[in-house]
Amino acid sequence: MSSLQPVRGTHDILSDESRRHRWVSKTARAIAASYGYGEIATPIFEFTEVFARTLGETSDIVTKEMYTFDDRGGDSITLRPEFTAGIARAFMSNGLAQQVPVKVFCQGPIFRYERPQKGRLRQFHQLDVEVLGVPGPLPDIEVIALAAHILDALGLRDKVVLELNTLGDSESRKAYRAKLVAYLNDFRDRLSEDSRVRLERNPLRIFDSKDKGDQAVMAEAPLLVDTLNDASKVFFDELLAGLDAAGVAYRLNPRLVRGLDYYCHTAFEFTTETLGSQGAVLAGGRYDGLVEMMGGRPTPGIGWAAGVERLAMMIDEPPAEARPVVMVPIGDETRSLALELTQRLRHAGLTVDLGYSGNLGKRMKRANKVNACAAVLLGEDEMARQAATVRDMDSGEQSEVPLASLENHLARYR
RNA sequence: GUGGCUGUAGCUCAGUCGGUUCGAGCACCAGAUUGUGGAUCUGGGGGUCGUGGGUUCAAUUCCCAUCAGCCACCCCA
């Protein structure tokens, strides 16, 4: 291992990639704000229990994917493997139950100890949206509509489909689980090894299996949708009606299940074919039991998370950022005036690049390379006349402009 | 965590059936062009051939290990 290699599954995000990431999160943040979601930030690490207790002792995230270590005080700390638990913790720490409904947007790095692949990293970034404190399917509808809106704005409407399912309330799920286990016990020997383990721990997940034998068995299995109690059925029907009203297209997938223990009712996933075996781009669901699980009062919650890297791989080239004006001093005498003018123009709101060295030719090359819209040439001749030569880098036209009206003249490039 | 493929310049890739100094395009730097960029031409820098060990007179080439990337699984954003 060379020490110059970044840690496995981590990545330097260089300017080009960074611009794509920024476009993704900027777009999402702006649209979330227009839905009334404010941005918050929680720490990137928490006490281990925050995640261990809520994600479920048997979930893959807890059993093998967390970056956990003891800090110098001897506390067990975990780098966040998801946003929801930390946000729920923040909800309680800050007494936000008083301010219900709480609607938040969050963005930042997430850590999972997994074997990396394309679209799958050990440190990656998520966008996250949560609504806490609202029972009933209205926030579910809003949160999904918001997700669809963001994906649309990123130009991904045709690359993604919304798959939707309900997990029902805990009563429905308990009844269904018994029914499913009873069914599967007859086929135990036809299940894959993995699925026999799942049968003990989380039988619903067998629906996810890509094993042909499992799939054959599951094709005949009873479905949760058919076991829903009335309350769960009403919830789901209202959700579907709401999505129709909001103009959000979806595809029902009765086999869609979620890996984490705290989910109930609404489960959804925007999936794509374009990312290899990494199908999920944005996924989420309802987690009414989570806050209670952490020791708070029962509080309904719904939210989703999206992978920034995955989205960034799918979008087209983001819109170009501001082209700079380049200040070009000619000769040593003009240096300090160039510096003064540069600051003046920057404070006037222009994007201005002042090179560190070089003669006129070099500086012009540099201006070209940074895709400058204009160059302000400042030689001793100009300086004597209290003027500068402004060259339009696209047309090549140039004219002499009095220093006093430089801002005015350059206003067209803002 | 399991199985497979890959690893030569900043990038994309040649090459050596084991044998003197590993090449090209792009990129970078300099000059032609000392008050003017994009084009062109000329020249230049840059490689412990992922890392460590083994076999051999000789290894970038063969073998083993290791690290990393990719693919499938597991699972997920």
Side-chain angles (χ1 to χ4, degrees), chain A residues 1-11 14 16 24 55 58-65 80-84 107-128 147 160 192-195 197-198 202 205 208-212 214 257-260 269-272 275-284 303-314 326 328-331 334 355 358-383 388-398:
Chain A
M1 171 192 61
S2 163
S3 60
L4 293 183
Q5 258 173 8
V7 174
R8 182 175 211 189
T10 68
H11 222 51
L14 271 19
D16 211 47
V24 168
L55 296 177
T58 61
S59 72
D60 276 47
I61 290 185
V62 171
T63 54
K64 55 182 200 194
E65 292 179 2
R80 66 181 176 207
E82 59 132 31
F83 272 110
T84 309
Q107 189 268 339
I110 294 288
F111 305 85
R112 261 129 80 169
Y113 192 88
E114 291 193 278
R115 185 132 168 197
Q117 238 171 276
K118 192 198 295 180
R120 178 191 221 177
L121 302 159
R122 288 186 173 180
Q123 174 177 341
F124 60 103
H125 298 78
Q126 285 189 344
L127 309 170
D128 187 277
V160 122
S192 67
E193 205 176 312
D194 284 334
S195 287
V197 174
R198 284 187 277 235
N202 192 346
R205 287 246 293 278
D208 267 345
S209 176
K210 288 175 189 168
D211 181 88
K212 288 273 189 283
D214 292 349
V257 293
R258 311 253 64 223
L260 307 181
E269 214 167 89
F270 285 82
T271 59
T272 180
L275 254 36
S277 61
Q278 272 64 251
V281 164
L282 183 157
W304 52 253
V308 175
E309 281 80 359
R310 290 185 183 178
L311 291 170
M313 277 192 282
M314 294 174 70
V326 171
V328 181
I330 304 160
T334 60
N359 56 26
L360 178 56
K362 290 243 175 65
R363 287 173 183 272
M364 289 305 288
K365 272 188 184 167
R366 167 86 189 156
N368 192 56
K369 195 158 27 182
V370 299
N371 192 27
C373 52
V376 177
L377 312 190
L378 188 65
E380 286 169 41
D381 299 353
E382 284 94 339
M383 194 162 74
T389 298
V390 175
R391 179 179 178 88
D392 183 291
M393 293 299 285
D394 292 329
S395 67
E397 284 167 22
Q398 49 187 61

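Letters A, B, ... mirror the listed sequences (proteins, then strands); counts begin at 1. For the numbers below, each heavy atom of this structure counts, side chains included, while hydrogens, waters and symmetry mates do not. Since this is a predicted model, take the numbers as computed values, not measurements.
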Under 3.5 Å, is there a donor-acceptor pair between the side chain of [X] and the main chain of [Y]?
{"X": "A/Arg366", "Y": "A/Gly355", "value": "no"}
{"X": "A/Thr10", "Y": "A/Pro6", "value": "no"}
{"X": "A/Arg122", "Y": "A/Tyr113", "value": "no"}
{"X": "A/Asp214", "Y": "A/Ser192", "value": "yes"}
{"X": "A/Arg363", "Y": "A/Ala375", "value": "no"}

Please report the distance separating the [atom1] of [N] from the corresponding atom of [M], rounded so that it comes out in whole Å.
{"N": "B/A68", "M": "B/A77", "atom1": "C1'", "answer": "23 Å"}
{"N": "B/G46", "M": "B/C29", "atom1": "P", "answer": "16 Å"}
{"N": "B/U48", "M": "B/G38", "atom1": "C1'", "answer": "39 Å"}

From C-beta outward on [X], which listed nucleotide comes closest to its side chain: [options]?
{"X": "A/Gln5", "options": "B/C70, B/G31, B/A68", "value": "B/A68"}
{"X": "A/Pro116", "options": "B/G1, B/A77, B/G69", "value": "B/G69"}
{"X": "A/Lys118", "options": "B/G1, B/A77, B/C70", "value": "B/C70"}

Need one value for [X]: base, sugar-phosphate or nothing, where a base atom within 4.0 Å counts as base even if backbone is also close, heavy atoms only.
{"X": "A/Arg363", "answer": "nothing"}
{"X": "A/Lys210", "answer": "base"}
{"X": "A/Glu114", "answer": "base"}
{"X": "A/Ala305", "answer": "sugar-phosphate"}

Q: Assess the side chains of A/Thr389 and A/Gln398: does a donor N or O sit below 3.5 Å from an acceptor N or O?
A: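 No.
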Q. Just checking, any donor-acceptor pair under 3.5 angstrom between side chains of A/Glu309 and A/His125?
A.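 Per modelled atom types, A/Glu309 and A/His125 side chains form a pair under 3.5 Å.
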Measure from [atom1] on [X] to [atom2] on [N] and round the result to the nearest Å.
{"X": "A/Asp214", "N": "B/C73", "atom1": "CG", "atom2": "P", "result": "13 Å"}
{"X": "A/Glu65", "N": "B/C73", "atom1": "CD", "atom2": "C1'", "result": "14 Å"}
{"X": "A/Phe270", "N": "B/C76", "atom1": "CZ", "atom2": "C1'", "result": "17 Å"}
{"X": "A/Gln107", "N": "B/A77", "atom1": "CD", "atom2": "P", "result": "16 Å"}
{"X": "A/Asp211", "N": "B/G3", "atom1": "CG", "atom2": "C1'", "result": "15 Å"}
{"X": "A/Arg120", "N": "B/A77", "atom1": "CZ", "atom2": "P", "result": "11 Å"}
{"X": "A/Leu127", "N": "B/C76", "atom1": "CG", "atom2": "P", "result": "20 Å"}
{"X": "A/Asp194", "N": "B/C73", "atom1": "CG", "atom2": "C1'", "result": "8 Å"}

Q) Between A/Arg120 and A/Glu114, is there a salt bridge with N-O shorter than 4.0 Å? A)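 Answer for the salt bridge query: yes.
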Q) Relative to the 5' end of RNA chain B, which residue comes earlier, A/Arg8 or A/Gly119, by the nucleotide with the nearest heavy atom? A)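 Here A/Arg8 is the residue nearer the 5' end.
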**Q.** A/Gln117 or A/Leu282, whichever maps to the more 5' nucleotide of RNA chain B
**A.**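 So the residue in question is A/Gln117.
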Under 3.5 Å, which N/O atoms of the protein pair with N/O atoms of nucleotides 33-36 of chain B?
from: B/G35; atom 1: O6; to: A/Asp381; atom 2: N; distance (Å): 3.3
from: B/G35; atom 1: O6; to: A/Asp381; atom 2: OD1; distance (Å): 3.4
from: B/G35; atom 1: O6; to: A/Asp381; atom 2: OD2; distance (Å): 2.9
from: B/G35; atom 1: O6; to: A/Glu382; atom 2: OE1; distance (Å): 3.3
from: B/G35; atom 1: N1; to: A/Glu382; atom 2: OE1; distance (Å): 2.8
from: B/G35; atom 1: N1; to: A/Glu382; atom 2: OE2; distance (Å): 3.2
from: B/G35; atom 1: N2; to: A/Glu382; atom 2: OE2; distance (Å): 2.5
from: B/U36; atom 1: N3; to: A/Gln398; atom 2: OE1; distance (Å): 3.1
from: B/U36; atom 1: N3; to: A/Gln398; atom 2: NE2; distance (Å): 3.1
from: B/U36; atom 1: O4; to: A/Gln398; atom 2: NE2; distance (Å): 2.4

Q) What residues, two or more places apart in sequence or in another chain, satisfy side-chain contact (heavy atoms from CB on, under 4.5 Å) together with A/Asp392? A)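 A/Asp392 satisfies side-chain contact (heavy atoms from CB on, under 4.5 Å) with A/Asp394, A/Ser395, A/Tyr413 once adjacent residues are dropped.
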Q. Can you find a heavy atom in the side chain of A/Arg112 that is under 4.5 Å from one in the side chain of A/Pro81?
A.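 Yes, at least one pair of side-chain atoms sits under 4.5 Å.
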Q. What stem regions, each of at least 3 consecutive Watson-Crick or G-U pairs below 3.5 Å, can be found for RNA chain B?
A.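 Expected stems, ordered by start: B:1-7 with B:67-73, B:10-13 with B:23-26, B:28-32 with B:40-44, B:50-54 with B:62-66.
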Q: Indicate whether OP1 or OP2 belonging to B/C29 is found under 4.0 Å from a side-chain N or O atom of A/Lys369.
A: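 Looking at the OP1 and OP2 atoms of B/C29, one of them is under 4.0 Å from a side-chain N or O of A/Lys369.
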Q: Tell whether A/Arg115 reaches the base of B/C73 with its side chain through a donor-acceptor pair below 3.5 angstrom.
A: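 Answer no: no donor N or O sits under 3.5 Å from an acceptor.
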